[in-house]
There are 2 protein chains.
Amino acid sequence: MPAPEMEIVHLLRAVAVELGLHSARFASRNGMHPTDVRALITLMDARRAGEEMTAGRLGAALGLNSAGTTALVDRLERAGHVRRVRGEGDRRKVLVEVDERAVALGQAYFGPLIDRSVELLRGYDERELAAVRSFLRGVRDAAGREGE
Amino acid sequence: MPAPEMEIVHLLRAVAVELGLHSARFASRNGMHPTDVRALITLMDARRAGEEMTAGRLGAALGLNSAGTTALVDRLERAGHVRRVRGEGDRRKVLVEVDERAVALGQAYFGPLIDRSVELLRGYDERELAAVRSFLRGVRDAAGREGE
DNA sequence: CCTATTATCTCGTTGAGCGAGATACACGCT
DNA sequence: AGCGTGTATCTCGCTCAACGAGATAATAGG
């Protein structure tokens, strides 16, 4: 018989799959591709962290080469989700800024899921929250470290 | 200031991203595409559950149409990861069976991460495990339900 | 300034996945 | 048995995301 911990491992995998499908639904409903959604999420993360995002850094974050990055930003710009802004200091750079409406669109779609997650977490005490937190940190670090 | 629960929400998202990247690394190291890896995982899940997997069901599970499914199975078969077996009862069906070596390959790659996760979980008591389990179930169900 | 380096874009190509339709088998129905 | 309807897979032609190679433009160092 398998270790009882395996149930949680499979649950975690199922969550990852569901979250992926959730993004994919958002993508296809808005005429976008999974990569475009990942790009918008990356851009919003950077914005929340108060960092500027250049075309190159965006492409690197998504594992695209320069040609693919240009095509991606073209696509997002054509759809009105981002703007290209030439770098102030270094005029070779192209800063990619998310449009407010894209942010609102994302919040409208992902908001309910986030709210529900927060609501679930409010049902736990400090020790239980610490367990969830440290398990997720552990898996994230293990997945990030394995194979470089 | 943001709710403290948001840290865990972002952690969960980070885990999903890392697991995705982990699969992607496995894919590119073995000359495969993300879809091929998802297909193999689906096939192994079915095998563990003792179910037969037809070409059609596999394609449906991955959201591919019939043409894409044929191409996918062609690709996997050419690489020696699966075999096509004509259905016994219904000769229109094509059962897709994973090759033992593909199973071994997957276990060699994902095994350490799974082992590490189980090891992490062994550090918690029953109440903490229950918290992790119910949180993951809750998020999985919420992500699955949102937008159909 | 002249050269090396860095950031982005252009061009031509590959290949995953799609839509439409062909093919092959299964299961009634009479 | 013979025929039509439904179902499973495959073939063909196409689109478009992403790649490799190389062009273009701006910065940084000697």
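We name chains A, B, ... by the order of the sequence lines, and we start the count at 1 in each one.
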Given atom CZ of R91(A) and atom P of dA28(D), what is their separation to the nearest angstrom? 13 Å
Cationic N near anionic O, under 4.0 Å, E128(A) to R133(B): no
How would nucleotides 1-15 of chain C be written as a contact map, 5' to 3', with B for base contact, S for sugar-phosphate-only contact and - for no contact, using protein heavy atoms under 4.0 Å? -----BSBBBB----
Answer yes when E7(A) and R137(B) have at least one side-chain N-carboxylate O distance shorter than 4.0 Å, and no when they do not. yes
Separation of atom CE in M53(B) from atom P in dA8(D), rounded to whole Å: 14 Å
CG of L72(A) versus P of dA18(D): gap in Å, rounded? 7 Å
Any donor and acceptor pair, going by atom type alone, linking the side chain of Y124(B) with main-chain N or O of F135(A) inside 3.5 Å? yes
CZ of R78(A) versus C1' of dC16(D): gap in Å, rounded? 11 Å
G59(A) near the nucleic acid: base, sugar-phosphate alone, or nothing, with a heavy-atom cut-off under 4.0 Å? nothing
When the ring planes of H22(A) and F110(A) are compared, do they come out parallel, tilted or perpendicular, using 30° and 60° as the limits? perpendicular
Quick check: does any side chain N or O of R86(B) sit under 3.5 Å from a backbone N or O of R92(B), one acting as donor and the other as acceptor? yes
Is the CZ atom of R127(B) crowded by more than 12 outside heavy atoms at less than 6.0 Å? yes
Let's see if you get this right: which residues in residues 34-42 of chain A place a heavy atom under 4.0 Å from DNA chain D? T35(A)
Going by distance alone, is a donor N or O of one side chain under 3.5 Å from an acceptor N or O of the other, for R48(B) and H10(A)? yes
Separation of N65(B) atom CG from dG13(D) atom P, in whole Å? 17 Å
Which pairs of donor and acceptor atoms, one on a side chain in residues 68-77 of chain A, lie under 3.5 Å apart (sequence neighbours left out)?
residue	atom	partner	partner atom	Å
T69(A)	OG1	N65(A)	O	2.8
T70(A)	OG1	S66(A)	O	3.1
D74(A)	OD1	R84(A)	NH1	3.0
D74(A)	OD1	R84(A)	NH2	2.9
R75(A)	NE	D36(A)	OD2	3.2
R75(A)	NH2	D36(A)	OD1	3.1
E77(A)	OE1	R84(A)	NH1	2.8
E77(A)	OE2	R84(A)	N	3.1

